[in-house]
2 protein chains.
Amino acid sequence: MKKLTIKDIAKEFNVSISTVSKALNDSYEISQATKDKIQKYAKENNYKPNFNALSLKNRSTKTIGVIMPTMLNYFFAQVFKGIEDAANKNGYKVITCISNQSHNKEAEIIEMLSNGSIDGFILSMAKETELKNDFKHFNETIENGTPIVMFDRVAHSIDCDKVIADDYNGALNTVEFLHKKGHKKIAFISTMSDLQIGKQRFLGYKKGLENVGLPFNDDLVVNILEKDYKKYEKK
Amino acid sequence: MKKLTIKDIAKEFNVSISTVSKALNDSYEISQATKDKIQKYAKENNYKPNFNALSLKNRSTKTIGVIMPTMLNYFFAQVFKGIEDAANKNGYKVITCISNQSHNKEAEIIEMLSNGSIDGFILSMAKETELKNDFKHFNETIENGTPIVMFDRVAHSIDCDKVIADDYNGALNTVEFLHKKGHKKIAFISTMSDLQIGKQRFLGYKKGLENVGLPFNDDLVVNILEKDYKKYEKK
DNA sequence: GTGAAAGCGCTAACAC
DNA sequence: GTGTTAGCGCTTTCAC
């Protein structure tokens, strides 16, 4: 069964394609009788306006490009669920790609999607991008008129909207909270001490200790870096 | 900076758009000199053929619709990574939607993407779909000429390609393996005893016990259903 | 070697 | 109330 087009419907009723188009869009120009029969026929035969034709015409794809550093991580999986859900509710689709923490892959993804596939990006930087401090691809994208919204692992120097957590005060408040509960030996364990968000948390942790008058003890700080836990991951 | 089109390039060099198109596609009809200057200009100005125009013309979008029951689950997150990776390597994009185990949402997603947005589906059934045994939306999609590939939670009655694990023998072999290691009390814990894959594993488990001559003990079977662990999940 | 024109499916301005 | 036409960006057949 071939996909139905406006043209097919026009032929069916011996009217012009513009009549069909208007009827389907419930235009006031078209008589109720015509609209009724055309809409009925369209529904019965499962007509759906072609996505690419609409996107081409409207210069808008109603789809968002999402770039995730990884999905094998409960935080990012949750964020993805949230994005997908909100997008759908607002009539948007989501094209998702995984940078796998690689700067190169990230740039490639942006390149691949910068051809009218999407209306804009939502992304969290690859680790490598942050370490390299190389944001050229982001800047070019924005200059080319494709909006970017960054979350979690963001580059503050980029001029775009960002959604972040208050990592510094989060850690600080946690220390104060634990201290209030009577705890004296508060450890800091991080898997991302090399990233900005990790550093902020560490600074908040130290400041928290200072605030409550606890000594900072290097032995209570554990940094698990990727190279260490990577070996446990199947490739 | 507006996005460059073939038309812009044509104007730049005072040639026709078809010349530009051919030059960019390295056609033998065009002189090397013309090709060189046009290709150079295109590259320098970051020309990219418009995705929607190509899809419209070619009737192929080079994108796959992926429907996941959930992403908050290491198995599905891994599968997603695999799909995304393989797709990208083959020049495909991936539009991913989460059914959240809902039959309705699953049908809506299929409906939403069945307008020429994608060339085909890769999906794992929502739990509700399996329990309801209602596969109308799948059959209609296939009849309409959109291919479906199912994985993991599949409906065997649907005529399409499927990628599955051998749940029955997997469980059976595991029991035999453990028995060979000297274990006598082998428990069965499942979070999906209501799904086909869960039932297969359970049958394999029982058969395994039988094969090695161990008694089946109901107390060693634990079924954790969604309603039980759901309360631990943030909504 | 280059260009004109039709067509992919759709919308919208403008006839009639 | 309905139809014609141009155009979105691109490819491709057919002229020249």
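Hydrogens, waters and symmetry mates are skipped; everything else that's a heavy atom, side chains included, is used. Throughout, protein chains are lettered first and strands after them, A, B, ... in sequence-line order, and every chain is numbered starting at 1.
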If the cut-off is 4.0 Å, is [X] near the phosphate of [N], judged by side-chain N/O to OP1 or OP2?
X       : N     : answer
A:Thr34 : D:dT2 : yes
B:Lys7  : D:dC8 : yes
B:Ser31 : C:dT2 : yes

The helix from C:dG1-D:dC16 to C:dC16-D:dG1: angle between end helix axes, five pairs per end, rounded to 10 degrees =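 Comparing the axis at each end, I get an angle of 60°.
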Would you sort out whether A:Ser193 and A:Ser190 count as a side-chain hydrogen bond (donor to acceptor under 3.5 Å, both in side chains), showing the intermediate values?
-> CA-CA 6 Å; A:Ser193 50; A:Ser190 175; 4.9 Å; no
So what does [X] touch, heavy atoms closer than 4.0 Å: a base, only the sugar-phosphate, or nothing?
X       : value
A:Ser21 : base
A:Tyr47 : sugar-phosphate
A:Thr5  : sugar-phosphate

Answer yes or no: is there an ion pair linking A:Lys199 with A:Asp167, defined by an N-O contact shorter than 4.0 Å?
->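 The answer is no: the pair does not qualify as a salt bridge.
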Nearest atoms (heavy-atom pairs only) where A:Cys160 meets A:Ile148 =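 It is CB-O, 3.3 Å.
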Given DNA chain D, 5'-ward residue of the pair A:Tyr28 and A:Ile17, judged by closest heavy atom |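 The residue closer to the strand's 5' end, by nearest nucleotide, is A:Tyr28.
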Please list, by residue number, the residues of residues 50-62 of chain A whose heavy atoms come closer than 4.0 Å to an atom of DNA chain D; answer none if no residue qualifies.
->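 The answer is A:Leu56, A:Lys57, A:Arg59.
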Side-chain donor or acceptor of B:Ser16 under 3.5 Å from a matching atom on the base of C:dA4?
->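 Side chain to base: no pair present.
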